[in-house]
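Residues: numbered from 1 along the sequence shown. Please read all numbers here as calculations on a predicted model, not as lab measurements.
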Amino acid sequence: MGDHQRDVWDQHAATFDDEADHGLRDPVVRGAWRTLLRSVLPDPPVDIADLGSGTGSLSVLLAQDGYRVVGVDFSQNMVAAAERKATEAGVSVEFRKGDAALPDIEPSSLDVVLVRHVVWALDAPEDAIRRWAALLRGGGRLVLIEGRWSTGTGVSARELVSMVRTVIPDVEERPLTDPALWGAPVLDERYVLIART
């Protein structure tokens, strides 16, 4: 992503958490995300990279549950907000400024690569998926939370399953239709893919 996109996300950092599923401020929404994540992740402690971590809400939630987490985001303002959030929550998360599509992480060093609402914005998602898969240890999981939104942006589950299966054949798709996850009724396609190496 270029400087323009980085500037846009830097500007959004101050209000990013106002969306219910971004800030996880509502206990019901937070609880729904905790339940979802625990259902798709191995039991802690394991090593997780949260790529495109934004203001760190998922990273902090995972760290609170005993996971070892590194968060990567290309917006410095998002990283700064995430670091504040981790400090306030009293948890240890390593946040790094970097490209989620090309993270500076050692190959075969992670149990889980978690990516929420990033694939749709990538110029070459297939390349990113291959790089993410290479970060996983044997038996690791690539967890992608995406959607095809009513605005016309996004990526359909069918499209993303097809992309992921060229790299990791074992892919499970689950729709995310529970309004508690989003703080509102779901009027478009939202889903999670779990690809197991």
Show me the pairs that pass salt bridge (Lys or Arg N to Asp or Glu O under 4.0 Å) and involve [range], at least two apart or across chains.
| range | value |
| --- | --- |
| residues 175-197 | Glu172-Arg196, Asp188-Arg190 |
| residues 139-167 | none |
| residues 106-121 | Asp111-Arg137 |

Distance, nearest 0.5 Å, that separates [atom1] of [X] from [atom2] of [Y]:
| X | Y | atom1 | atom2 | answer |
| --- | --- | --- | --- | --- |
| Ile48 | Leu114 | CD1 | CG | 7.0 Å |
| Leu102 | Asp127 | CG | CG | 10.0 Å |
| Leu51 | Asp99 | CG | CG | 9.5 Å |
| Leu135 | Asp47 | CG | CG | 12.0 Å |
| Leu24 | Glu19 | CG | CD | 11.5 Å |
| Ile194 | Leu144 | CD1 | CG | 9.5 Å |

Verify, without hydrogens or angle tests, whether [X] (side chain) and [Y] (backbone) share a donor-acceptor contact under 3.5 angstrom.
| X | Y | value |
| --- | --- | --- |
| Asp73 | Gly54 | yes |
| Thr197 | Gly140 | yes |
| Arg131 | Ala101 | yes |
| Trp132 | Ala100 | yes |
| Ser59 | Asp50 | no |

Point to revise | Under-4.0 Å salt bridge between Arg34 and Asp65 | key: yes

Review point. Should Ile168 and Leu142 count as side-chain neighbours, where that means a heavy-atom distance under 4.5 Å?
Key: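 They are in side-chain contact.
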
Exercise for review: In sequence, state the C-alpha distance, the side-chain angles, and the governing distance for Lys85 and Glu83, and then conclude on salt bridge (charged side-chain N to carboxylate O under 4.0 Å, His left out).
Suggested key: CA-CA 5 Å; Lys85 192 175 290 182; Glu83 289 172 338; over 6 Å; no

**Study point:** Name of the residue among Thr177, Ile145, Val161, Val155 meeting side chain to side chain contact (heavy atoms under 4.5 Å, CB included) with Tyr191
**Key:**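 So, applying the side chain to side chain contact (heavy atoms under 4.5 Å, CB included) to Tyr191 and each of Thr177, Ile145, Val161, Val155, only Val155 qualifies.
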
Scan [range] for pairs that pass ring-ring contact (aromatic ring centres under 6.0 Å, His included), counting only residues two or more places apart or in two chains.
| range | answer |
| --- | --- |
| residues 41-65 | none |
| residues 36-55 | none |
| residues 27-66 | Trp33-Trp182 |

